[in-house]
Structures are given as structure tokens and as C-alpha cells.
Trainee: 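Quick one: the structure is below, and I'll ask about it shortly.
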Amino acid sequence: MLSGAVDSKRFRSMMGTFPTGVAIIATEWNGELFGATINSLTSVSLAPCMLLFCTNEGSATGAAIRRRGLFSVNILGQHQSELSHRFTGQLKSRFDDLAPAFSADGLPLLQGAAARLCCRVATVHKAGDHDIILGEVISGEESMCNPLVFHKGAYGSFQRA
């Protein structure tokens, strides 16, 4: 039998027991680059190839992605925890001193990522204090590196069992 009420603090702690990968979603809108660290990335469909992620209701990056209709997903390697920190803070110009590559559509692609995908927004769903953005994958590539993992508020790496 389960016991105890679940408030937001307890829910966050319980969900923290589920290790996730770490990615940076990004776009360009009106000449400005936007990006944010996420760990809510999920594959949805193989035909067509689709994924989803969640952004906070007031996220500037989420708003830019909804307006542009295109975004990149940069799945981080274990060597990129500092990059993850950079895209979670209040830093306004998160791309300063970085040299991203750009897709044919002008989407920022981060060097050294384990995988980089370009997507088109298919739909956006409101869910509590977040938006669920569903995207159709239009292109992508992967590199040979171990993924960055997030568990219980800390970064780590993946080890095969």
C-alpha cells in the first residue's frame, strides 16, 4: 500500500530516481539564438519519426520554437555537463563564446553532441505548467561518445550492465 500525499517537492524527488539523458533544444528566431537544457526527451513514433519534449510555460526558448516551427535537439555526451549548466541558468546569451554549426534551415547544432536532430513542430499541448512540444524529425546525425546522464540532481555517465 502506498502512503503519503505527493506534493510538488516529493514528486520531483521521486521522479529524480529515474535517470535520464540530457539534451539542449535550440532554435533561431528573428536573428537571435535560443536554447534550453531538457531531460524530458522521448521518442514517440518511428513512422513518421517523431519525438517530444517539455518546456516551462514561460520559457523564452519554448516560445521561440513555437513561433519558428523548427528546432534542433542536441543530445549531450558525458563530457558536456558544463554545456548543460550553461543552458539552464539565467544567462541571457547562452551561445556566447560557442561556435555552433548550423543546419540548412539555420538551426544551431552543438559541436561534440552524441546526436543532433532537426525537427519541425507538429503540435503543442498544454499540460499543467508546461507545454509538450511534439516534433517530426527531418534530419539527424550521431557521434561515437557516451551520453550524459542526470540522476537525483547530479550528472553522471552510462555504464553497460
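For the single chain, residues carry numbers from 1 onward in sequence order.
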Trainee: Taking side chain as C-beta onward, heavy atoms only, is C54 less than 4.5 Å from I133?
Mentor: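 SC-SC contact between C54 and I133 ruled out.
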Trainee: Is it the case that H125 and D131 place a side-chain donor and acceptor less than 3.5 Å from each other?
Mentor: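 No, no side-chain donor-acceptor contact under 3.5 Å.
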Trainee: Is there a path of hydrophobic side-chain contacts, each under 4.5 Å between heavy atoms of I/L/V/M/F/W/Y residues, joining V6 to M15?
Mentor: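 Looking at the clustering, V6 is in the same group as M15.
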Trainee: So do the side chains of F87 and L83 get within less than 4.5 Å of each other, counting heavy atoms only?
Mentor: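 Heavy-atom side-chain distance check passes, below 4.5 Å.
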Trainee: Can you confirm whether more than 12 heavy atoms, excluding those of Q111, are under 6.0 Å from its CD atom?
Mentor: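 Enclosed: over 12 neighbouring heavy atoms sit under 6.0 Å from CD of Q111.
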Trainee: So, for E136 and P48, which heavy atoms are closest and what is the spacing to 0.1 Å?
Mentor: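 Of all heavy-atom pairs spanning E136 and P48, the closest is OE2-CB, 3.7 Å.
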Trainee: Assess whether atom CZ of R10 is packed by more than 12 heavy atoms of other residues, nucleotides or ligands within 6.0 Å.
Mentor: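 It does: R10 CZ has more than 12 such atoms within range.
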Trainee: Return yes when atom NZ of K9 has more than 12 non-hydrogen atoms of other residues, nucleotides or ligands closer than 6.0 Å, and no otherwise.
Mentor: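 Result for NZ/K9: open.
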Trainee: Can you confirm if the aromatic rings of F18 and F150 lie within a centre distance of less than 6.0 Å?
Mentor: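 Not close enough - the centres of the two rings lie 6.0 Å or further apart.
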Trainee: Do F53 and F71 have ring centres separated by under 6.0 Å?
Mentor: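 Judged by ring-centre distance (under 6.0 Å), F53 and F71 do meet the cut-off.
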Trainee: Would you indicate whether the side-chain heavy atoms of N56 and D129 approach each other to under 4.5 Å?
Mentor: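 Counting from C-beta outward, D129 and N56 never come under 4.5 Å.
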Trainee: Per the side-chain contact (heavy atoms from CB on, under 4.5 Å) rule, which among V149, I24, T37 passes with L76?
Mentor: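 For L76, the side-chain contact (heavy atoms from CB on, under 4.5 Å) test succeeds with only one of V149, I24, T37, which is I24.
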Trainee: Show the nearest heavy-atom pair for residues G77 and C145, with the distance to one decimal.
Mentor: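 So the two residues come closest at CA-SG, 3.9 Å.
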Trainee: Taking the side chain as C-beta and beyond, is there a heavy-atom pair between L107 and R68 under 4.5 Å?
Mentor: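 The answer is yes, as the side chains (C-beta and beyond) meet within the 4.5 Å cut-off.
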Trainee: Is there a side-chain contact between K126 and E57 (heavy atoms, below 4.5 Å)?
Mentor: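 K126 vs E57: side chains touch.
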